[in-house]
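Have a look at the structure below, then the notes.
Numbering of ligands and ligand atoms starts at 1, following listing order.
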Amino acid sequence: MKNNNRSEKKNPILEVENLNVSYGKIKALHGVSFQVYNGEIVSLLGSNGAGKTTTLNAISGVIPTQGGNINFMGENLVGIKAHKIVKKGIVHVPEGRHIFPELTVEENLRIAGYLFSHADEKKLLSERMDYVYSLFPRLKERMRQMGGTLSGGEQQMLAISRALITGGDVLLLDEPSMGIAPRLVEEIFETIFTISKSGQTILLVEQNAMMAMEISDYCYVLETGSIAFEGVSKALMENDAIARAYLGESL
Ligand SMILES: Nc1ncnc2c1ncn2[C@@H]1O[C@H](COP(=O)(O)OP(=O)(O)OP(=O)(O)O)[C@@H](O)[C@H]1O
Ligand SMILES: [Mg+2]
C-alpha cells in the first residue's frame, strides 16, 4: 500500500512556488504553487487554456518564467536550460507526443538512450527496453513498424516509453488521453498506474479529470492560471458537489 498521508511525508521532491509565466502581455500563470512528493501521482487538472501545459513547460525549462521558484530535490531550476533539467532527472512527455515518424518503434526507443555512453549504461538501455516492452506488449509486436504509422494511442505509448528509457526521478505527462480511443486510454492509464507502483513519481496533466483522479494520489485544479482547489483525489471523487463546482466541464 502506498502512504497517501502527505502530512507524514518529508520534503517534496518537486515544489513549485508562486510561479508566474507570461506570453507577451498575456499572463498565463499567476502565483501557482504546488508540491509533488516522492512516489506520488499528482494530477494537475483544468479546462482548455487553464495553464496546465504552460506549467509543465516551465518546469522542464522549455519556456522562461517571470517569477517564482521551481525546487527540485533542493535545487532551484529557474534559469536552467531544458537539456540540463533532463539530466537532473525531470523527463517530460509533451502534449502531442512528438515521436520520430520516420523511425521504427525500436529506433525511437534506442534514440531515447542517447544520454547513455558507458558499457554498463548500454546494459541499462537493454534492460529498460525490455521493461517498456513488457509494459506495452503492443509496442513489442510493432517494433519494426514506422512510428508515424502507429495509431494515436500507440504513439502515446511510444512517447511514454521513450521517457522511461531516458529515465528520471519525476515524469511529467501532458494529456496522455488526448485524441485517443477510450479503450486505449484505459490501457494507458492502467500502465501509468503500474509504472507508479514501481516507485516512479509522476505529475500528470489531464482534462480527463475522472480518469486522472482514479489513478492519482493528490490533485490540483487550475483555473485561468491559478490553483483553485487542491485535495486528495479519492476525497474529491467522493465529493460530488466540489467535483462539479471545480471540474464541471471535465467530468
Ligand atoms: N505560445 C503562446 N503564446 C501566447 N499565448 C499562449 C502560448 N501558449 C499558451 N498560451 C496561452 O496561455 C494560456 C494557457 O495555455 P496552456 O496551453 O498552458 O493551457 P492548457 O491548460 O494546457 O490547455 P489545454 O487543455 O487546451 O491544453 C492560454 O490562454 C493560452 O492561449
Ligand atoms: Mg495543454
Pairwise side chain to side chain donor-acceptor pair (under 3.5 Å) hits with a residue in residues 20-29, at least two apart |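 Passing the test, one end in residues 20-29: Tyr23-Thr54.
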
Taking the Mg ion (ligand 2) as the centre, how many protein N/O/S atoms fall inside a distance shorter than 2.8 Å?
->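 My tally for this metal is 2.
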
Verify the distance criterion only: is there a donor paired with an acceptor across the side chains of Asn38 and Thr201 at less than 3.5 Å?
->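 Indeed, the side chains of Asn38 and Thr201 share at least one donor-acceptor pair under 3.5 Å.
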
Write out all pairs satisfying salt bridge (Lys or Arg N to Asp or Glu O under 4.0 Å) with one or both partners inside residues 98-110, taking only residues at least two apart or from two chains.
->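 Residue pairs with at least one partner in residues 98-110: Glu106-Arg110.
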
Can you get from [X] to [Y] by hopping between Ile, Leu, Val, Met, Phe, Trp and Tyr side chains that sit under 4.5 Å apart?
| X | Y | answer |
| --- | --- | --- |
| Met178 | Met210 | no |
| Tyr37 | Ile227 | no |
| Met146 | Met129 | no |

Check against side-chain contact (heavy atoms from CB on, under 4.5 Å), Phe34 and Thr55 = CA-CA 11 Å; Phe34 62 89; Thr55 305; 3.6 Å; yes

Output, in order, the C-alpha distance, side-chain angles, deciding distance and verdict of side-chain contact (heavy atoms from CB on, under 4.5 Å) for Val105 and Tyr133.
-> CA-CA 11 Å; Val105 166; Tyr133 280 144; 4.3 Å; yes

Could you pull out every N or O of ligand 1 that sits under 3.5 Å from a protein N or O, with the distance for each pair?
from     : atom 1 : to     : atom 2 : distance (Å)
ligand 1 : 18 (O) : Thr54  : N      : 2.9
ligand 1 : 18 (O) : Thr54  : OG1    : 2.5
ligand 1 : 19 (O) : Gly51  : N      : 3.3
ligand 1 : 21 (O) : Ala50  : N      : 3.2
ligand 1 : 21 (O) : Gly51  : N      : 2.9
ligand 1 : 21 (O) : Lys52  : N      : 2.9
ligand 1 : 21 (O) : Lys52  : NZ     : 2.8
ligand 1 : 22 (O) : Thr53  : N      : 2.9
ligand 1 : 22 (O) : Thr53  : OG1    : 2.8
ligand 1 : 23 (O) : Gly49  : N      : 2.8
ligand 1 : 25 (O) : Lys52  : NZ     : 2.7
ligand 1 : 25 (O) : Glu175 : OE2    : 3.0
ligand 1 : 25 (O) : Gln207 : NE2    : 2.9
ligand 1 : 26 (O) : Asn48  : ND2    : 2.6
ligand 1 : 27 (O) : Glu95  : OE2    : 2.6

Out of Ile80, Val78, Ile85, Ile90, which one pairs with Ile70 under the side chain to side chain contact (heavy atoms under 4.5 Å, CB included) rule?
->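 The side chain to side chain contact (heavy atoms under 4.5 Å, CB included) with Ile70 is passed solely by Val78 among Ile80, Val78, Ile85, Ile90.
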
